[in-house]
Amino acid sequence: MLSILKHNFYSKHTTMSKGITSRNEDYSQWYNELVNKADLAEHSAVRGCMVIKPYGYAIWEKMQAALDQMFKDTGHSNAYFPLFIPKSFFSKEASHVEGFATECAVVTHYRLKNDGSGQIVVDEEAKLEEELIVRPTSETIIWNTYKGWIQSYRDLPILVNQWANVVRWEMRTRLFLRTAEFLWQEGHTAHATSQEAVEETERMLNVYATFAEDWMALPVVRGKKTENERFAGALDTYCIEALMQDGKALQAGTSHFLGQNFAKAFDVKFTSKEGKLDYVWATSWGVSTRLMGALIMAHSDDAGLVLPPKLAPIQVVIVPIYKTEEESQQIGALADDLIAQLKQKGISVKYDDRDTQRPGFKFAEWELKGVPVRVAVGARDLQQGTVELARRDKQTKETVSQDGLADTIEQLLSNIQKNIYEKALSYRDTHITEVDSYEEFKKVLEEKGGFIAAHWDGTVETEKRVKEETKATIRCIPLNNKEEEGTCIFTGKPSKQRVLFAKAY
RNA sequence: CGGGGUGUAGCGUAGCCCGGUAUCGCGCCACAUUUGGGAUGUGGAGGUCGUAGGUUCGAAUCCUGCCACCCCGACCA
């Protein structure tokens with residue numbers, strides 16, 4: 001492989017007339033524009049609900065495929081439960097109701113009618129006897145169902161996952177990060193023992209962490225939520241927390257140990273091997289289209305989206321550069337050959353032979369869309385037996401030989417995947433700051449951002465006070481946290497370990 | 001849900017204060033010349049001014065309701 005030139009191709013073209021707002025200028029505007037211009041999603045006619053566009057959905061499908069396989073590899077099966085949940089189910093688990101009551105969409109009628117003047121109105125006579133809640137999550141309907149599935153320890157464990165949409169009536173929404181309706185998966189498992197359920201909770205947390213790191217190239221902290229941040233109805237909530245480029249944390253996945261709360265609420269008992277009747281132990285775990293937001297914010301830059309090769313719908317784009325019909329055909333032949341070789345390696349490739357756009361335009365467009373590798377082929381390359389290979393993550397390009405090109409590209413893709421991860425990891429690691437005083441805490445939060453590792457007295461009151469004063473919350477208590485004597489930065493009371501604070505999405 | 005702001009062609013906008021039928025750029029279409037980093041020229045198409053009412057001879061402009069989006073707060077994955 002020969003490498004004759006290597007340079008940054010943005011050095012002269014930093015002002016992009018049709019570009020997007022830079023991250024420094026306005027991070028949240030940068031995000032909004034990026035989502036729009038990269039064709040990922042847009043606002044719909046319905047308040048708070050988004051349209052996920054084909055290119056964005058293709059990324060979500062890749063996430064789904066990888067996660068689905070991981071769930072199946074850990075023994076889970078998919079199933080589907082109803083969108084609607086009888087209102088009465090919600091009243092059965094007290095803290096669960098409290099957690100979701102304020103953001104539920106409710107169906108009260110089942111018919112429309114013409115009011116006589118051509119207006120379609122709700123038919124007041126078609127009132128539902130019992131209102132239906134559009135699921136904000138499915139624990140209740142699922143545990144109501146599980147009651148019929150479980151009699152004996154022989155029926156356990158039940159390891160079920162569902163891919164679904166859920167609705168949480170949010171007041172402030174942002175594409176992917178927080179929308180009234182979103183897509184997710186929710187795993188719901190039932191176990192004979194507490195220990196088994198706890199193991200399941202941890203297993204799935206690790207699945208999420210592995211997915212985030214291996215596929216999304218997103219380093220995460222595995223941790224446990226404080227009482228304050230815990231899922232409504234859970235005994236323990238585990239989470240993976242990621243750090244975005246603006247220094248704010250984002251919860252990327254959660255896994256809950258539900259104890260026997262839902263089994264008790266829905267009276268789900270089983271007979272053990274010893275012939276004793278006991279309530280079933282439960283877990284639930286989920287990740288959502290919010291991961292799309294995490295993916296975008298973790299890696300992308302001022303030129304657009306940066307996608308890890310493993311999740312990129314298009315991993316390689318080939319752009320021909322020709323003057324004559326003859327050149328076009330020669331490049332086409334070369335491209336066909338390369339496409340065949342790449343496909344054989346399972347690499348997705350697009351040959352952009354549109355003759356309505358010029359090469360420079362295509363370069364910019366595919367960069368905006370985050371395609372990891374670009375191959376440009378022109379007359380010069382035909383003569384020299386080379387192509388121009390550009391990598392999106394570093395925005396560099398080099399001229400390489402056509403010999404063994406498919407192998408070169410395959411290696412480059414895995415190199416990019418690794419580089420993106422390492423870049424994010426190094427940002428994350430340099431943005432976990434240990435502080436020992438409240439003054440320092442506020443200073444770091446304000447000036448640097450990121451995670452702040454500090455001692456905390458373990459009380460909800462302190463956490464709430466800190467949140468009120470600084471907007472930072474305890475993102476998690478990291479798993480395998482080292483024990484360390486210290487004093488709470490806020491109250492000065494004794495503490496045995498540091499927890500991670502941050503401003504969060 | 002509270003405070004503030006915005007809504008004019010696919011996108012970004014001028015006009016609004018002071019009412020008289022909508023400006024400019026990008027994009028789009030056709031043709032020609034172009035094609036190794038977002039091409040150029042010529043010609044052309046495209047607008048119930050977010051929406052529903054009201055005031056008026058006449059409303060993008062003034063008034064009211066509603067809807068959506070953005071920023072800030074409370075809430076949240």
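Within every chain, numbering begins at 1; the chains are lettered A, B, ... in the order of the sequence lines, protein sequences first and strands thereafter.
Between A/Tyr31 and A/Phe176 the shortest side-chain heavy-atom distance falls below 4.5 Å.
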What does the B/S/- profile of nucleotides 28-33 of chain B look like, 5' to 3', with a 4.0 Å heavy-atom cutoff to protein? ------
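At a cut-off of 3.5 Å, with distance as the only test, a side-chain donor of A/Thr189 or A/Thr283 sits close to an acceptor on the other residue. No hydrogens or angles considered: a donor-acceptor pair under 3.5 Å links the side chains of A/Asp246 and A/Tyr505.
Pairs passing the side-chain hydrogen bond (donor to acceptor under 3.5 Å, both in side chains) check and including a residue from residues 328-339 of chain A, sequence neighbours excluded, read A/Glu326-A/Gln330, A/Asp337-A/Gln341. Pairs passing the ring-ring contact (aromatic ring centres under 6.0 Å, His included) check and including a residue from residues 33-53 of chain A, sequence neighbours excluded, do not occur.
Between the CZ atom of A/Arg172 and the P atom of B/G5 there is a distance of 17 Å, given to the nearest Å.
When the side-chain contact (heavy atoms from CB on, under 4.5 Å) test is applied to A/Ala333, no partner is found at least two apart in sequence or on another chain. Considering only residues two or more places apart in sequence or on other chains, A/Thr173 meets the side-chain contact (heavy atoms from CB on, under 4.5 Å) condition with A/Glu170.
Helical stems in RNA chain B, defined as runs of 3 or more consecutive Watson-Crick or G-U wobble pairs with both donor-acceptor distances under 3.5 Å, are listed by first residue as B:1-7 with B:67-73, B:10-12 with B:24-26, B:28-33 with B:39-44, B:50-54 with B:62-66.
A ring-centre distance under 6.0 Å is not found for A/Phe451 and A/His431.
Side chain A/Lys397 to base B/G37: a donor-acceptor pair is found below 3.5 Å. Applying the 3.5 Å distance criterion, the base of B/G36 shares no donor-acceptor pair with the side chain of A/Arg358. With hydrogens and angles ignored, no donor-acceptor pair under 3.5 angstrom links the side chain of A/Glu388 to the base of B/G37.
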